[in-house]
Amino acid sequence: MTPSQKIGAALAFCAAAALVPRPTLAQPIPAAIHALAVQAAQSPALPAGPYDGRGWLERFYAPRKYAPAWNPATAAAALWVLRRATLQGLDPLDYGADALERQLRAGQADMARFDVALTAAMLRYLADLRVGRVRSEYHARALDTRLRQYDPVERLRAGLAGGKLQAAVQAAEPALQQYAQVKAALASYRALSRQPYPALPAPPAKVAPGGAYPAAQPLFERLVLLGDLPADTPPPPDGIYGERMEEGVRRFQARHGLTDDGVLGRGTIAALNVPLATRVRQLELTLERLRWLPDFGPGPLIVVDLPAYRLWATSTGSAEAPLEMRVVVGSAIRTETPLFVGQMRYLEFNPYWNVPRSILDKEILPKLERDPAYLKRHDMETVPPGAGVADLKAGRARVRQRPGPTNSLGAIKFAMPNPMDIYLHSTPAHELFERSRRDLSHGCIRVEHPAALAQYVLGRQRRWNADAIQDELQPGPTRHVDLAHPIPVVMFYATAIVDSDGSARFAADIYGRDPKLEQALAARRSREASAPGRPME
């Protein structure tokens, strides 16, 4: 919408708002507003949400002695804000925007209910934008404390008084750079989704560059539409999958978690045929998940996106390009990597691998009973030395693997103490990073470029330059190195994300979390539909 269109829309709202009837002596508006605010405060608590807003209406209206908060112009401005909720991946219908707009245009008979409904809608919108609509695993045990720093009631009161409702919205948005990038990608894909395209036919066999593919022209147009081929790329010969198109297919494959070999197969065609509305929804869910994350102050930050199999090491508040690499994550079948925010506190060069109890019981003990030399052949030992199978089963001893070229942790461990014993580490199995699906670990994160990550986390300590790190990565004794300051590490989950070059990446939902989030959002919508203060149709 152009600036002139925005102004015209606002004027249209204001003109319609003029139809709202003024209060009369027969309409005790403050008393009615007070009753509605009390009703909201005394309503049953909504279960498992990230915040409890039952007392917000009383807190908002009490200082103004329950006088109406909205006039025609400010009501129109608020509805304009709610209408733009789609830009944040939120749904204006969740805030009763349609019903409120109809009441504003038609002339609302119940001014108290309209005023309270609009206030409640704006408070919910600001809170949802700040902390999300459903409780996340990052805030599972209590209400989200971030609403103590960003109080929707105070923000709305200040924004309304100063004529700056949009400023209250901007202050509620997560400050993470990734949030702004995903917002931009959402707007782009929403625009693309308005251009429907036919499904591409799957070839009977894989097609290499130069091979025949009858739908080469529609494929070319799809790649240009999605930005995987420049718009000035010459079109292909009729029915031929050309080399220039291969470049676009490789880029598309890389962005969608496929093997980027440039070969047209059923998997690539299936990904090309995914409706763009589905991609829009994936980006919307990512914005919701980004709203769950705690506030990070300026400084280094490491984020691992599990389904994307990627790690970003960045610095909040900095324009510096992030360090990016592939990772291996926990297996979807047996050992999913949990979501949490940890604090990386130290590194270990040439670490021992202390075998977790679960792996000892399920994997090593059965092998040790069949092969008494198993520990020796894998450079493992018991602690204390010489313990037998009975000691291991009874918990009187444990197993660890000595440092060395076959150690499962490789040459370096990045430790962030947590109850799940999850950490980042290198690996001797470098070939795993070439796989398109990399949920292969017992839960910990194997990183592709451990030396680069070590330099990132130790780079602010003068002693640790690239040469010093390479020296420590050589075989030798275990060395413990504390970080000067802990670095937050986020185990994140999103099937749509934006890469460091600004391109959208999409991933398979390896842990099946997207449907669960959809169910939680639907349950929240159902609960909110009957909440006090909602607009009447």
First locate atom [atom1] of [X], then atom [atom2] of [Y], and finally report the distance between them rounded to the nearest 0.5 Å.
X      : Y      : atom1 : atom2 : result
Leu290 : Ser136 : CG    : OG    : 11.5 Å
Tyr51  : Leu147 : OH    : CG    : 8.0 Å
Leu285 : Leu186 : CG    : CG    : 10.5 Å
Tyr213 : Leu219 : OH    : CG    : 6.0 Å
Asn350 : Leu473 : CG    : CG    : 7.5 Å
Lys393 : Glu369 : NZ    : CD    : 3.5 Å

Could you tell me which non-hydrogen atom of [X] sits nearest to which non-hydrogen atom of [Y], and how far apart they are?
X      : Y      : answer
Phe220 : Pro235 : CZ-CA, 3.8 Å
Gln455 : Ala466 : OE1-CB, 3.5 Å
Pro201 : Ala215 : CD-CB, 3.6 Å
Ala172 : Leu126 : CB-O, 3.8 Å
Ala308 : Arg438 : O-NH2, 4.2 Å
Ile240 : Ala216 : O-CB, 3.4 Å

Exercise. For the side chain to side chain contact (heavy atoms under 4.5 Å, CB included) test, which of Ile364, Ile359, Leu365 pairs with Asp361?
Worked result: Leu365
Exercise. Given Arg446, which of Val329, Leu432, Val327 fulfils the side chain to side chain contact (heavy atoms under 4.5 Å, CB included) condition?
Worked result: Leu432
Between [X] and [Y], is any side-chain donor less than 3.5 angstrom from a side-chain acceptor?
X      : Y      : result
Gln178 : Gln181 : yes
Gln282 : Arg279 : yes
Ser408 : Gln401 : yes

Electrostatic pair [X]-[Y], nearest N-O below 4.0 angstrom:
X      : Y      : result
Asp379 : Arg402 : yes
Glu472 : Arg463 : yes
Glu246 : Arg250 : yes
Arg130 : Asp144 : no

Is a side-chain donor or acceptor of [X] paired with a backbone partner of [Y] at a separation under 3.5 angstrom?
X      : Y      : answer
Asn418 : Met416 : yes
Asp305 : Ala494 : yes
Gln253 : Thr268 : no
Arg190 : Thr86  : yes
Arg251 : Leu229 : no
Tyr511 : Leu306 : no
Thr337 : Gly330 : yes
Thr233 : Met245 : no
Ser426 : Leu409 : yes
Tyr456 : Thr314 : yes

If you count heavy atoms of other groups shown closer than 6.0 angstrom to [atom1] of [X], is the number above 12?
X      : atom1 : answer
Arg435 : CZ    : no
His485 : NE2   : no
Glu243 : CD    : no
Asp471 : CG    : yes

For this session: Please test Tyr352 against Lys413 for side chain to side chain contact (heavy atoms under 4.5 Å, CB included), starting from the C-alpha separation and ending with a verdict.
Result: CA-CA 9 Å; Tyr352 282 88; Lys413 170 184 174 180; over 6 Å; no
For this session: Sort and list the pairs that fulfil salt bridge (charged side-chain N to carboxylate O under 4.0 Å, His left out) and have at least one residue in residues 505-514, not counting sequence neighbours.
Result: Glu137-Arg513, Arg289-Asp514, Asp499-Arg505
Exercise. Which residue pairs pass the salt bridge (charged side-chain N to carboxylate O under 4.0 Å, His left out) test with at least one member in residues 255-264, sequence neighbours excluded?
Worked result: Asp228-Arg255
For this session: Go through the steps for Gln217 and Asp238 under the test side chain to side chain contact (heavy atoms under 4.5 Å, CB included), then give the verdict.
Result: CA-CA 7 Å; Gln217 183 61 33; Asp238 288 345; 5.7 Å; no
Exercise. Quick check, are the ring centers of Phe506 and Tyr189 under 6.0 angstrom apart?
Worked result: yes
For this session: Indicate yes or no: at least one non-hydrogen side-chain atom of His425 is less than 4.5 angstrom from one of Pro450.
Result: no
Exercise. Asp391: what forms a side-chain hydrogen bond (donor to acceptor under 3.5 Å, both in side chains) with it, not counting sequence neighbours?
Worked result: Arg396
For this session: Take the angle between the ring planes of Phe433 and His430 and call it parallel below 30°, perpendicular above 60°, tilted in between.
Result: tilted
